[in-house]
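Accompanying notes for the structure given below.
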Amino acid sequence: MLLKDAHARLTQSQLAHIGAGEVGYIRRMRAEEISRCFPEAPDVDPQLDLWALFGADGTPILLTDNRSSTFFKAAEDHLKTVSLH
């Protein structure tokens, strides 16, 4: 089945839950994005490199300045990881 065929047959809710509890994604975060995803995070230096781990459905799991920490947390939570650029 082609991806576009699968997408046409899945509801938005079903698509959002694919990989839930099994897949997480890691992405670099800019300072201005942090409050949207991590509202309780303190203000951070805009020059700081930050990394975040999210569940497959976009649920924020971890924010850190150490990229390796995201992989350790994912392994701890038994999540397969993918990186987004």
Side-chain angles (χ1 to χ4, degrees):
M1 176 181 350
L2 296 173
L3 185 56
K4 74 177 191 174
D5 293 335
H7 186 277
R9 293 185 185 135
L10 295 174
T11 67
Q12 189 172 13
S13 177
Q14 291 170 321
L15 187 60
H17 288 92
I18 291 176
E22 297 175 17
V23 176
Y25 65 92
I26 295 168
R27 68 180 286 259
R28 191 175 193 174
M29 298 285 297
R30 295 187 316 242
E32 61 269 13
E33 297 176 293
I34 294 170
S35 63
R36 180 176 47 85
C37 298
F38 297 89
E40 295 185 18
D43 290 337
V44 296
D45 179 352
Q47 302 301 316
L48 191 61
D49 284 336
L50 295 171
W51 296 91
L53 172 65
F54 294 89
D57 64 354
T59 301
I61 297 171
L62 176 72
L63 178 67
T64 181
D65 63 348
N66 181 331
R67 187 171 184 256
S68 296
S69 295
T70 59
F71 291 100
F72 290 123
K73 177 62 175 162
E76 183 179 276
D77 290 351
H78 307 288
L79 297 174
K80 293 178 179 75
T81 56
V82 294
S83 292
L84 298 181
H85 302 279

Practice prompt. Sort and list the pairs that fulfil salt bridge (charged side-chain N to carboxylate O under 4.0 Å, His left out) and have at least one residue in residues 38-48, not counting sequence neighbours.
Written response: none

Discussion item. Can you classify the ring geometry of F54 versus Y25 as parallel (below 30°), tilted (30 to 60°) or perpendicular (above 60°)?
Written reply: parallel

Practice prompt. Kindly write out the residues that satisfy side-chain hydrogen bond (donor to acceptor under 3.5 Å, both in side chains) with S69, not counting sequence neighbours, or none if the list is empty.
Written response: none

Worksheet entry | Nearest heavy-atom neighbours spanning P60 and C37 | CG-O, 3.1 Å

Worksheet item: Nearest heavy-atom pair of A41 and I34: which atoms, and what distance?
Response: CB-CG2, 3.7 Å

Worksheet, complete the sentence: All heavy atoms of L62 vs all of F38, minimum pair found to be O-CZ, 3.5 Å

Discussion item. If I compare all heavy atoms of E33 with all of R28, which pair ends up nearest, and what's the gap?
Written reply: OE1-O, 4.2 Å

Worksheet item: Same hydrophobic cluster for F72 and I26, using side-chain heavy-atom links shorter than 4.5 Å among ILVMFWY?
Response: no

Item to complete: Enter the distance from M29:CE to W51:CH2 here, rounded to the nearest 0.5 Å.
Response: 11.5 Å

Worksheet entry | Contacts of D65 that satisfy salt bridge (Lys or Arg N to Asp or Glu O under 4.0 Å) - sequence neighbours left out | none

Worksheet item: Taking only residues two or more places apart in sequence or in another chain, which ones pass side-chain hydrogen bond (donor to acceptor under 3.5 Å, both in side chains) with N66?
Response: none

Discussion item. A74: which residues meet the side-chain contact (heavy atoms from CB on, under 4.5 Å) condition with it, sequence neighbours left out?
Written reply: L53, L79, T81

Worksheet item: Got a sec, which residues hit side-chain hydrogen bond (donor to acceptor under 3.5 Å, both in side chains) with E32, two or more places apart in sequence or on another chain?
Response: R30

